[in-house]
Protein chains: 2
Amino acid sequence: MPESARRAGGVPDATVGRLPLYLRALTSLHDRGVTSISSGELASLAGVRSTQLRKDLSHLGTYGVRGVGYEVELLAAQIAQELGLTQEWPVVIVGMGNLGRALASYGGFSDRGFRIVALVDDDPDVVGTDVEGLIVTTLDELEDSGPTVAIGVVATPSPAAQQVAERLVGMGVRSILNFAPGYLSLPEGVDVRGVDLGTELQILAFHEQRRLLAPSTHDPLRGDAEKEAMG
Amino acid sequence: MPESARRAGGVPDATVGRLPLYLRALTSLHDRGVTSISSGELASLAGVRSTQLRKDLSHLGTYGVRGVGYEVELLAAQIAQELGLTQEWPVVIVGMGNLGRALASYGGFSDRGFRIVALVDDDPDVVGTDVEGLIVTTLDELEDSGPTVAIGVVATPSPAAQQVAERLVGMGVRSILNFAPGYLSLPEGVDVRGVDLGTELQILAFHEQRRLLAPSTHDPLRGDAEKEAMG
DNA sequence: AACTGTGAAACTTTTCACAGCG
DNA sequence: CGCTGTGAAAAGTTTCACAGTT
């Protein structure tokens, strides 16, 4: 499909990737009682340039007031709406190792938009135990008689990840967040995002090495901070 | 070949972000005894298109054999070299909660290019205990008399992250991997990468919602799988 | 014949410059 | 005036088409 259709809303991917950043900053401002903010300040809090923030927001509609700025609560609601956080998405975490437990106890879930509805492991010693108020179950049981799940989080060892993901897809899951290193080959239409510690470290190592090899060249590196001074 | 084929600054960021993917696939192939592979097959294993793989590799130089493919070991060595993994980078993990422990026990570290040289927490009950063969220490002690550190991993609660990062930078760390939600404001030249579960889930939620709202439009979604069929 | 390497084209994302509104 | 919203330019990235090599 070579044609880049104007989907409803037409929000570019790069923008979608930054909306959670803005929302986080806005939530924090709201908690501190701030009711209004300019693009420059909000951009600063999110670590982007103000023009980029404004361009991003322009894709959602026009919610600012010229000469003034944005109303924190309104903008937050608008972004939450765009991201689909007005409803609660049921999440399952598969793999109750160190990482799975860390994810299960991560506050950001219940916080907004997500609810963990099942925890899964295949170790008989772990199945049936209580983790963060939920009883760990098996994939078999989840397939047979578990709750509906929209998003699957894979926190198993790498070798199991592909198979686990396939079973999740079999259950109707079409959004997967994969913490196991390695590529998941899944049917088209399934959305996979991978988070891998090794990958992130290697990217840092690349820049680190670059700095050591060419210390003279003062080079604007990717991912560096402070684009715009804060007010 | 033009003289610019491998100038020091010549590797695009997008390419750098994919090199770890290729390296992982190559390492796995090597472990299975495969000695040679074509761009199409390797691309398939990494989840990218073959032209993209070849373009990416072309930035490192020309290590393939026309009509044949790539020698697995040579290409892996070349990518490792480019990423700076021929030396070992000393890493500190700050924050020994669930996540910090998960990271400390993640195999991928010692595996290649990274060595955890210190684990840090501020809870007196945790300081002094043994985690994965290392004694947990404090930031104070690390500043005073700790080993040199190149990369800092921040796995503290959000409110502490900014201050921890500043202290790491004060110790000379210029590469930080931040698992705490929120933007870190640090001096220019410091390279920060953030990994946030909430952000990733929200991006998935966006696509999930889009699917529900426009189920008719079969839409090439970001992050979907299967670009090229495998042999 | 099979597969790599690469210029050029197509597309995406960021930045600039400034019009427009409160 | 101060700040948003946005077309247009610039920069970056992906894909195409095919020349080149073994």
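Proteins come first, then strands; the chains are lettered A, B, ... in the order of their sequence lines, and each starts at number 1. Since the model is a prediction, treat every value here as computed from it, not as a measurement.
B/Leu177 has its side chain within reach of A/Leu201: a pair of non-hydrogen atoms, C-beta onward, lies under 4.5 Å apart. Inter-residue side-chain proximity for B/Ile93 and B/Ile116 is flagged as met; some heavy-atom pair is nearer than 4.5 Å.
OP1 or OP2 of D/dG5 lies within a sub-4.0 Å distance of a side-chain N or O belonging to A/Tyr70. Taking side-chain N and O atoms only, A/Arg49 has a distance below 4.0 Å to OP1 or OP2 of C/dT15. At the phosphate of C/dT14, OP1 or OP2 sits under 4.0 Å from a side-chain N or O atom of A/Arg18. For A/Ser39 and D/dT4, the shortest distance from a side-chain N or O to OP1 or OP2 is below 4.0 Å. Taking side-chain N and O atoms only, B/Thr62 has a distance below 4.0 Å to OP1 or OP2 of C/dG5.
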What side-chain donor-acceptor pairs closer than 3.5 Å can you find for residues 165-172 of chain A, not counting sequence neighbours?
| unit_1 | atom_1 | unit_2 | atom_2 | d |
| --- | --- | --- | --- | --- |
| A/Glu166 | OE2 | A/Gln162 | NE2 | 2.6 |
| A/Arg167 | NE | A/Glu143 | OE2 | 2.9 |
| A/Arg167 | NH2 | A/Asp140 | OD1 | 2.7 |
| A/Arg167 | NH2 | A/Glu143 | OE1 | 2.7 |

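Across the protein-nucleic acid pair, A/Leu57 atom CG and C/dT14 atom P stand 13 Å apart, rounded to whole Å. Atom CG of A/Leu53 is separated from atom C1' of D/dC3 by 12 Å (rounded to the nearest Å). One interatomic measurement links the two molecules: CD of A/Gln52 to P of D/dA11, which rounds to 16 Å at whole-angstrom precision. Between the CD atom of A/Glu71 and the P atom of D/dT4 there is a distance of 14 Å, rounded to whole Å. As rounded to whole Å, 19 Å separates atom P of C/dC21 from atom OH of A/Tyr63. Summarising the geometry, the separation between CD on A/Gln78 and C1' on D/dG5 is reported as 16 Å, rounded to the nearest angstrom. Rounded to a whole Å, the CZ atom of B/Arg54 is 11 Å from the C1' atom of D/dA17. Counting to the nearest Å, the P atom of D/dT4 and the CG atom of A/Leu60 are 15 Å from each other.
Contacts between residues 28-36 of chain B and DNA chain D, defined by a heavy-atom separation under 4.0 Å, are absent.
Listed by first and then second residue, the salt bridge (charged side-chain N to carboxylate O under 4.0 Å, His left out) pairs involving residues 170-179 of chain A are A/Arg174-B/Glu208 (not counting sequence neighbours). Sequence neighbours left out, not one pair with a member in residues 152-163 of chain B passes salt bridge (charged side-chain N to carboxylate O under 4.0 Å, His left out). Sorted by first then second residue, the side chain to side chain donor-acceptor pair (under 3.5 Å) pairs that include residues 148-160 of chain B, not counting sequence neighbours, number zero. Residue pairs meeting the salt bridge (charged side-chain N to carboxylate O under 4.0 Å, His left out) criterion with at least one member in residues 60-80 of chain A: none, sequence neighbours excluded.
When each of D/dT13, D/dT4, D/dA17 is scored by its nearest atom to the side-chain atoms of B/Pro12, the top-ranked nucleotide is D/dT13. Of the candidate nucleotides C/dT6, D/dT6, C/dC3, C/dC3 has the atom lying nearest to any side-chain atom of B/Ser38.
Of the two residues contacting DNA chain D, namely A/Lys55 and A/Gly69, the nearest-nucleotide position lying further toward the 5' end is that of A/Gly69.
The side-chain hydrogen bond (donor to acceptor under 3.5 Å, both in side chains) check on A/Asn98 picks up B/Ser105, with sequence neighbours excluded. Every residue two or more places apart in sequence or in another chain that forms a side-chain contact (heavy atoms from CB on, under 4.5 Å) with B/Val65 is listed here: B/Val68.
Shown here is B/Gln87, whose CD atom has more than 12 heavy atoms of other residues, nucleotides or ligands within 6.0 Å.
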Close N or O pairs between protein and nucleotides 19-22 of chain D (under 3.5 Å):
| unit_1 | atom_1 | unit_2 | atom_2 | d |
| --- | --- | --- | --- | --- |
| D/dG20 | N3 | B/Arg66 | NH1 | 3.1 |

